[in-house]
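Below is one structure, written out as C-alpha cells; comments come after it.
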Amino acid sequence: MTVSKTPRYYPAEDIKPAKKTHLVKQNPPRLRKSITPGTVLIILAGRFRGKRVVFLKALESGLLLVSGPFKINGVPLRRVNQAYVIATSTTVDVSGVNVKHIDDVYFGRSKDPSKAEGEDVFFEGDAPKAAIVSDERKEDQKKVDEVLLKAVAAVPMLEGYLAAHFTLTSNDKPHLMKF
C-alpha cells in the first residue's frame, strides 16, 4: 500500500471567480427645507465659524455654495456642509447672481507634477506656503459680490447683520432662540 501526499498546488480552475457586486449609485443628500437660495446662514465650524453668509446654491455633492459677501465679512465663495450651518429667517434676493458654472470640480486642487515635494524638501521648509488664489476665482468673487452687495444694500441694516459675528454667552438658550 503506497500513500501519496496531497499536492501543494491546486489549479486555478477549481476556484470560483468572485461575483460582481452591484454598486448602488448614491443620491445627493436632500437639502433642509429652511435652506433656500438667498437664505442667510450661520457657519458653526471651521475657519469662518460664527460668520453669517448668503446661500447661493446646492452643489451635486450635497455641499452648499455660500459667499460672505467677501467685501462685508471676508468669507469667499466656499463649499460648506449643511450639518455645520444654522439657517436664519433672513433672506437676500440672489436671482441676479450667476453661479451656474461653479461646481465641485471648480474647488478641486490642480495636480502639478513639478511641485511634488520629496522628503528632503519637506523637512527643509520652515514657513508654510501661502495659498495662491487663482485669477479665475478672484474674478468670480468680484462678479458674485457685485450683485450680492446691491441686494444687501436694498435691505436696511442687513450689511451690519452680515458683518456681525454670531456668539453665545452662558445665559443664552439656543433651543429657545428663533433664528
Side-chain angles (χ1 to χ4, degrees), residues 22-111 128 130-134 136-179:
H22 179 67
L23 294 176
V24 178
K25 184 181 178 289
Q26 292 276 332
N27 291 325
R30 282 198 205 100
L31 220 58
R32 272 189 260 159
K33 284 184 224 167
S34 56
I35 301 175
T36 56
T39 304
V40 174
L41 307 174
I42 300 168
I43 299 180
L44 299 175
R47 180 176 171 205
F48 298 104
R49 66 183 162 273
K51 299 270 190 170
R52 293 180 171 100
V53 294
V54 179
F55 169 63
L56 301 173
K57 79 170 189 176
L59 300 170
E60 263 186 48
S61 63
L63 298 175
L64 311 176
L65 177 66
V66 299
S67 181
F70 188 78
K71 290 248 186 198
I72 294 176
N73 58 16
V75 182
L77 279 169
R78 194 170 170 81
R79 293 183 298 180
V80 179
N81 189 328
Q82 65 178 330
Y84 299 107
V85 296
I86 296 175
T88 66
S89 57
T90 311
T91 57
V92 179
D93 178 33
V94 292
S95 57
V97 181
N98 182 16
V99 286
K100 287 185 181 108
H101 66 285
I102 298 176
D103 55 359
D104 289 307
V105 178
Y106 176 85
F107 291 97
R109 292 189 177 176
S110 60
K111 303 264 182 178
I132 299 164
V133 181
S134 69
E136 178 195 9
R137 282 216 196 173
K138 287 179 186 175
E139 285 301 314
D140 289 339
Q141 186 68 56
K142 281 181 187 175
K143 288 175 189 171
V144 170
D145 271 5
E146 186 181 330
V147 179
L148 273 181
L149 287 172
K150 287 178 185 172
V152 168
V155 180
M157 297 176 64
L158 185 59
E159 187 173 343
Y161 176 70
L162 289 172
H165 260 280
F166 173 77
T167 55
L168 290 172
T169 63
S170 58
N171 297 328
D172 291 334
K173 296 179 172 63
H175 60 287
L176 298 176
M177 289 181 177
K178 181 185 179 294
F179 295 99

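For the single chain, residues carry numbers from 1 onward in sequence order.
- For Glu146, the side chain to side chain contact (heavy atoms under 4.5 Å, CB included) partners at least two apart in sequence or on another chain are Lys150.
- Under the rule for a salt bridge (charged side-chain N to carboxylate O under 4.0 Å, His left out), the partners of Arg79 that lie at least two apart in sequence or sit in another chain are Asp104.
- Distance check: Leu148 CG to Leu56 CG gives 6.0 Å after rounding to the nearest 0.5 Å.
- Rounding to the nearest 0.5 angstrom, the gap separating the NZ atom in Lys142 from the CG atom in Leu149 is 13.0 Å.
- Every pair passing side-chain hydrogen bond (donor to acceptor under 3.5 Å, both in side chains) that includes a residue from residues 63-73 is listed here, sequence neighbours excluded: Ser67-Gln141.
- Nearest heavy-atom pair across Ala151 and Val92 is CB-CG1, 3.6 Å.
- Each of Leu64, Ile42, Leu44 was scored for a side chain to side chain contact (heavy atoms under 4.5 Å, CB included) with Val85, with one residue passing: Leu64.
- By the side chain to side chain contact (heavy atoms under 4.5 Å, CB included) test, Asp103 is found to be paired with Val105, Tyr106, residues two or more places apart in sequence or in another chain being considered.
- Taking every heavy atom of both residues into account, Gln82 and Leu31 meet most closely at OE1-CA, 3.7 Å.
- Taking both residues in full, the closest heavy atoms of Thr167 and Asp172 are given as O-OD2, 4.1 Å, listed atom of the first, atom of the second, then distance.
- Among residues two or more places apart in sequence or in another chain, the side-chain hydrogen bond (donor to acceptor under 3.5 Å, both in side chains) test is passed with Ser134 by none.
- The list of side-chain hydrogen bond (donor to acceptor under 3.5 Å, both in side chains) pairs with a residue in residues 36-46, not counting sequence neighbours, reads Thr36-Thr39.
- For the atom pair Ile72 CD1 and Leu158 CG, the distance stands at 7.0 Å (nearest 0.5 Å).
- Pairs of residues two or more places apart, or lying in two chains, never qualify as ring-ring contact (aromatic ring centres under 6.0 Å, His included) while including a residue from residues 51-88.
- Rounded to the nearest 0.5 Å, atoms NZ (Lys51) and CG (Leu41) are 15.0 Å apart.
- Here CE of Met177 is found 13.5 Å from OG1 of Thr88. Values are rounded to the nearest 0.5 Å.
- Scanning for side chain to side chain contact (heavy atoms under 4.5 Å, CB included) contacts around Asn171 gives Thr169, with sequence neighbours left out.
- With sequence neighbours left out, His101 forms a side-chain hydrogen bond (donor to acceptor under 3.5 Å, both in side chains) with Asp140.
- Sorted by first and then second residue, the pairs that involve residues 149-179 and meet ring-ring contact (aromatic ring centres under 6.0 Å, His included), not counting sequence neighbours, are Phe166-Phe179.
- Remark: Met157 CE is loosely packed, at most 12 non-hydrogen atoms of other residues, nucleotides or ligands lying under 6.0 Å away.
- Among residues at least two apart or in separate chains, there is no salt bridge (charged side-chain N to carboxylate O under 4.0 Å, His left out) pair with a member in residues 23-35.
- Heavy-atom minimum distance, Leu162 versus Pro69: CD1-CD, 4.0 Å.
- Here the closest non-hydrogen pair linking Ala87 and Ser34 is CB-OG, 3.5 Å.
- Shown here for Pro174 and Leu168, the closest heavy-atom pair between the two residues is CG-CD1, 4.1 Å.
- Annotation: the span from Arg47 atom CZ to Arg49 atom CZ amounts to 11.0 Å, rounded to 0.5 Å.
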